[in-house]
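Have a look at the structure below, then the notes.
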There are 2 protein chains.
Amino acid sequence: MARYGKEHKQATRQRIIDVAGGRLKRDGIHGSGIATLMADAGLTNGAFYAHFESKEDLVASAVAEQLREQRESFSAQPPGRAGLEQIVRAYLSVAHRDNPEGGCPSAALLDEITRSTDATKRAYTDGLLVVIDDVAARLASDDPKWARMKTLSVFALMVGTLQVSRALSDRKLADEVLEQGIQNALALLDADHPSMRRR
Amino acid sequence: MARYGKEHKQATRQRIIDVAGGRLKRDGIHGSGIATLMADAGLTNGAFYAHFESKEDLVASAVAEQLREQRESFSAQPPGRAGLEQIVRAYLSVAHRDNPEGGCPSAALLDEITRSTDATKRAYTDGLLVVIDDVAARLASDDPKWARMKTLSVFALMVGTLQVSRALSDRKLADEVLEQGIQNALALLDADHPSMRRR
DNA sequence: TGTACATCAGTGAACGCGCGTTCACTGATGTAC
DNA sequence: TGTACATCAGTGAACGCGCGTTCACTGATGTAC
């Protein structure tokens with residue numbers, strides 16, 4: 001192949017990471033083989049190890065990238081509380097549930113991340129906290145540690161709700177779970193004054 | 001081997017299902033191979049297909065069994081609201097988080113169940129609803145459909161919270177997530193009158 | 001009561017397959033002369 | 001300006017391995033005579 005400038009190899013690496021992000025979320029880590037993944041990126045399997053040390057290395061990179069993209073997606077919403085509600089409603093939407101490939105990496109991969117290497121778990125933790133702190137800023141609290149915890153716990157609620165909705169084979173029930181999840185998330189966010197931390 | 005009564009083969013099948021339950025929750029579906037699974041049950045790989053049609057058949061059976069056991073575990077708690085709180089605190093405990101093998105099948109397997117066959121998803125849905133309705137009876141509501149939805153959505157919160165706590169590589173933060181999850185779950189359960197369904 | 005036989009849960013080797021990973025090689029290019 | 005060479009991103013075949021699944025076989029037993 002052609003001898004390109006140094007930006008070309010980086011672009012290829014990024015393309016692999018992007019393709020992997022979607023595949024991992026749709027088919028899971030074990031369900032995404034390197035050969036088919038590279039084919040999706042328009043390359044052959046052998047080229048993989050010119051870009052990554054191992055499959056787990058790619059997984060960690062892809063998870064980090066997915067969280068970066070999720071952060072941007074959340075940031076695109078209006079500022080403050082209004083945006084918060086939009087984030088919740090978009091997250092717990094039928095469209096998001098039915099499109100894991102383009103959706104939240106936590107909802108699609110949490111179980112498998114838990115069973116992954118420490119490096120992957122660290123990449124996940126670091127990336128998630130950036131997302132969370134970014135959203136937590138909307139709470140405009142003078143207690144940033146409390147805002148982080150509040151946001152993180154409501155996020156966990158949303159992740160679990162989306163997953164349960166995806167797993168239920170009864171579609172009507174699955175839709176109702178999303179709706180109830182929105183109510184629950186908003187209710188918890190409404191109780192956002194430190195004085196209300198315990199009921 | 002010996003020719004036993006008909007109860008013997010059933011006992012063997014049950015043993016495989018029980019062993020599989022723990023292995024699946026610890027290592028995931030893809031991480032649990034049939035050969036090692038059968039070895040754990042004291043058998044060789046070939047015997048597997050005398051008991052199950054396929055691996056997915058076992059997975060569906062094991063998921064159903066795990067949910068049956070979870071129902072029993074929840075039922076063992078004191079009746080009414082007091083038991084509810086104990087269920088929440090046990091579920092969102094450090095002990096449960098650090099022992100997926102003996103814990104909740106939803107928290108350990110939801111992502112993979114979502115990607116499984118319809119039969120497995122149906123087994124999951126059916127088994128989960130029995131668990132949920134059983135717990136929902138503690139709310140003693142005159143609106144059983146509302147009680148189911150309330151319970152199911154709080155359960156989803158707990159599942160997501162446990163998963164996030166498991167994935168975080170920062171243990172202190174992971175512990176705090178559990179604690180906040182307990183507060184959130186109890187707060188939502190406290191708002192259990194139909195008149196309070198919308199804030 | 002003693003013996004031959006049918007039963008059938010379990011054995012263990014083998015199957016094709018896709019996995020993650022390695023590596024000798026290719027070939028288009030920028031650079032040196 | 002023209003030619004030889006070094007570079008290196010990407011190729012594609014091959015590796016050992018464990019996967020899910022199949023199947024001819026084993027052998028201890030309850031039953032029939």
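Quick note on labels: first sequence line is chain A, next is B, and so on, each numbered from 1.
Atom-to-atom, CG of Asn45(A) to C1' of dA9(D) comes out at 14 Å; the value is rounded to the nearest Å. Distance Phe48(B) CZ to dT21(D) P: 7 Å, rounded to the nearest Å. Taking atom CD on Glu7(A) and atom C1' on dA9(D), their separation rounds to 13 Å, with Å as the unit. For the pair Phe52(A) CZ and dA9(D) C1', the computed distance is 14 Å after rounding to whole Å. Rounded to whole Å, the distance from CD1 on Ile34(B) to P on dG20(D) is 5 Å. Counting to the nearest Å, the P atom of dT26(D) and the CG atom of Leu43(B) are 20 Å from each other. Taking atom CD1 of Ile29(B) as the reference point, atom P of dC19(D) lies 15 Å away to the nearest angstrom. Here dA9(D) presents its P atom at 13 Å from CZ of Arg13(A), a figure rounded to the nearest Å.
Of the candidate nucleotides dT11(D), dG20(C), dG10(C), dG20(C) has the atom nearest to the side chain of Tyr49(A). Out of dA9(C), dG20(D), dT21(C), the shortest distance to the side chain of Lys55(B) is found at dG20(D).
Regarding contacts with the backbone of dG10(D), a side-chain N or O of His8(A) is found under 4.0 angstrom from either OP1 or OP2. Neither OP1 nor OP2 of dA9(D) sits under 4.0 Å from any side-chain N or O of Thr12(A). Considering only side-chain N and O atoms, His30(A) lies nowhere under 4.0 angstrom from the phosphate OP1 or OP2 of dG18(C). Phosphate proximity of dG20(D) to Ser54(B): absent, as no side-chain N or O sits under 4.0 Å from OP1 or OP2.
Toward the 5' end of DNA chain C, the nearer of the two residues Thr36(A) and Glu53(A), judged by each one's closest nucleotide, is Thr36(A). Comparing Ala47(A) and Gly33(A), the nucleotide of DNA chain C nearest to each residue sits closer to the 5' end for Gly33(A).
The backbone N or O of Ala174(A) lies less than 3.5 Å from a partner atom in the side chain of Ser165(A), making a donor-acceptor pair. A donor-acceptor pair is defined here as one N or O able to donate and one able to accept, closer than 3.5 Å; no such pair exists between the side chain of Arg148(B) and the backbone of Asp133(B). A donor-acceptor pair under 3.5 Å is absent between the side-chain atoms of Asp111(B) and the main chain of Gly28(A), judged by distance alone. No side-chain donor-acceptor contact under 3.5 Å links Ser141(B) to the backbone of Pro144(B).
Taking the charged nitrogens against the carboxylate oxygens, Glu65(A) and Arg68(A) do have a contact shorter than 4.0 Å, which makes a salt bridge.
With a 4.5 Å cut-off on side-chain heavy atoms, Ser116(A) and Ile29(A) count as touching.
Glu56(B) and Thr120(B) form a side-chain donor-acceptor contact under 3.5 Å, judged by distance and modelled atom types alone.
Residue-level contact check: Gly46(B) touches the bases, meaning some heavy atom is under 4.0 Å from a base atom.
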_Nucleotide-level pairing of DNA chain D, given in dot-bracket where Watson-Crick and G-U pairs need both distances under 3.5 Å and | marks other strands_ = .||||||||||||||||||||||||||||||||
